[in-house]
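If you're wondering where the values come from, they're calculated on a predicted model, not measured in any experiment.
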Amino acid sequence: TPSDTSPLVTPATQKRVQKVVGSFLHYGRAVNLTILRSLNALSRQQSKPTKRTIRCMNQLLDYLATHPGARICFYASDMILKIHSDASYMNEPDARSTAGGHYFLGKPIHANKPIWLNGPVHTLCTVLKLVAASAAEAELGALFLNAQEVKILRLILDEMGHPQPPTPIHCDNNTAVGIANDTVKRQRSRAMEMRYFWVTDQARNKYIDVSWHPGAENLGDYVTKHHPAKHHQHVRPIYTHQPASPRHLPRAQAPSTLRGCVHPPTSALCQTWAPVTTRDWRHPDVQRTCNYMANDILSANHFPSHNLLGT
């Protein structure tokens with residue numbers, strides 16, 4: 001993230017920035033999580049705000065004026081705590097990374113079935129204190145922070161009469177999931193922050209259940225980075241209650257399903273590639289052969305002229 005080189009503002013304007021951050025912080029944490037990422041960025045600049053900080057603050061105020069009175073609707077569920085954990089690597093000044101988590105109470109998850117949605121009970125949006133050396137370490141750091149919050153929420157739910165199974169935590173990084181579940185051989189991961197491996201102990205003791213899910217269905221991604229206006233408008237019904245708010249989150253395809261032929265297995269194209277795709281798709285000979293075959297098929301006008309390969 002490039003540093004801000006715009007001039008500093010006056011003390012009176014600095015005071016206004018601090019008032020805006022303080023006024024909307026509780027509103028963002030309790031109801032409208034769509035402003036948390038912007039408030040997070042403003043709060044780190046409020047000690048030395050610049051002209052660029054004022055432009056960002058005014059844009060946030062315009063957004064709040066355009067979308068006033070955010071609401072959250074909670075539906076009856078099985079009271080099973082669910083977490084979507086995510087991190088954005090090196091998207092902050094000084095090579096820092098952002099950790100995010102989306103918490104809601106829902107129903108058991110079944111394979112290949114949509115995820116039942118509910119109003120968020122908590123949202124994590126913070127910057128990792130330590131500099132992560134890789135995206136996997138940033139994701140592991142986000143898992144560490146979310147697992148800490150899980151300990152408190154599990155205790156609260158248990159005392160309310162809702163005993164919890166191992167809390168499912170969704171993560172879209174295979175390396176971080178492998179470290180948490182102790183299913184990968186650790187070599188270079190020894191250089192990662194030691195405290196993060198506490199997640200492995202929690203998974204081993206069945207307090208949490210860390211599993212990989214595609215990033216397209218990870219609700220924790222939203223609060224880890226800034227987005228364009230169209231994306232905010234598209235996902236706002238998911239995070240706040242609106243008449244068009246969905247009740248279920250469709251499952252996304254894993255990236256592995258996009259390798260090779262993108263057509264159904266019964267199509268003529270897949271049948272043509274069947275002898276080749278039995279080998280490792282990443283092998284150069286396989287990619288070269290499939291590219292030749294795709295060009296031959298396109299030249300014969302058997303299929304539309306668009307990218308047929310998931311490469």
Side-chain angles (χ1 to χ4, degrees), residues 29-34 36 71-87 99-126 139-174 176-183 198-224 235 237-242 245-254:
R29 287 178 174 176
V31 182
N32 191 359
L33 64 89
T34 63
L36 277 182
R71 296 178 297 169
I72 295 179
C73 184
F74 298 99
Y75 299 94
S77 66
D78 294 339
M79 298 296 287
I80 299 176
L81 180 63
K82 299 179 180 297
I83 317 293
H84 288 195
S85 175
D86 192 47
H102 185 79
Y103 301 62
F104 62 99
L105 299 173
K107 299 179 180 180
I109 298 177
H110 302 284
N112 302 323
K113 291 187 178 181
I115 299 174
W116 192 85
L117 296 177
N118 206 345
V121 297
H122 179 59
T123 302
L124 175 72
C125 179
T126 186
E139 295 281 357
L140 188 61
L143 283 175
F144 171 74
L145 296 178
N146 284 307
Q148 285 184 317
E149 299 290 336
V150 164
K151 297 288 288 186
I152 301 173
L153 294 176
R154 284 177 59 91
L155 179 61
I156 294 175
L157 289 169
D158 185 66
E159 292 185 351
M160 291 175 61
H162 303 288
Q164 295 293 301
T167 301
I169 301 182
H170 292 194
C171 179
D172 59 3
N173 187 279
N174 267 320
V177 172
I179 293 174
N181 293 325
D182 203 15
T183 57
W198 173 78
V199 175
T200 304
D201 178 70
Q202 297 300 300
R204 186 181 299 115
N205 291 329
K206 304 300 182 182
Y207 290 115
I208 60 177
D209 178 20
V210 183
S211 58
W212 181 90
H213 290 264
E217 62 182 47
N218 191 321
L219 297 178
D221 173 78
Y222 178 71
V223 295
T224 61
V235 302
I238 298 177
Y239 297 98
T240 60
H241 178 65
Q242 296 183 13
S245 293
R247 293 296 306 274
H248 296 86
L249 179 67
R251 306 304 293 269
Q253 287 186 340

Rounded distance (nearest 0.5 Å) linking atom [atom1] of [X] with atom [atom2] of [Y]:
X: N118; Y: I80; atom1: CG; atom2: CD1; answer: 12.0 Å
X: K82; Y: I115; atom1: NZ; atom2: CD1; answer: 8.0 Å
X: W198; Y: L140; atom1: CH2; atom2: CG; answer: 11.5 Å

Taking side-chain contact (heavy atoms from CB on, under 4.5 Å) as the definition, give me every residue that meets it alongside [X], ordered by chain and number, with sequence neighbours left out.
X: P246; result: L117, P237, I238
X: A180; result: L143, V199, V210
X: N174; result: W212
X: R71; result: H241

Check whether any side-chain heavy atom of Y207 lies under 4.5 Å from a side-chain heavy atom of D201, and answer yes or no.
no
Side chain to side chain donor-acceptor pair (under 3.5 Å) partners for [X], two or more places apart:
X: Y222; answer: H232
X: D221; answer: K225
X: D172; answer: none
X: R251; answer: H213, E217

Sequence neighbours excluded, which residues qualify as ring-ring contact (aromatic ring centres under 6.0 Å, His included) partners of F104?
H84, H102
Of all pairs that satisfy salt bridge (Lys or Arg N to Asp or Glu O under 4.0 Å), the ones with a partner from residues 202-213, not counting sequence neighbours
D182-R204
I need the full list of side-chain hydrogen bond (donor to acceptor under 3.5 Å, both in side chains) pairs touching residues 145-160, with sequence neighbours left out, sorted by first then second residue.
S85-N146, Y103-N146, K151-Q202, R154-T167
Holding to salt bridge (Lys or Arg N to Asp or Glu O under 4.0 Å), I want the full list of residues that pass it with D78, two or more places apart in sequence or in another chain.
none
Would I208 and I83 satisfy side chain to side chain contact (heavy atoms under 4.5 Å, CB included), going step by step from the backbone distance to the final call?
CA-CA 10 Å; I208 60 177; I83 317 293; over 6 Å; no
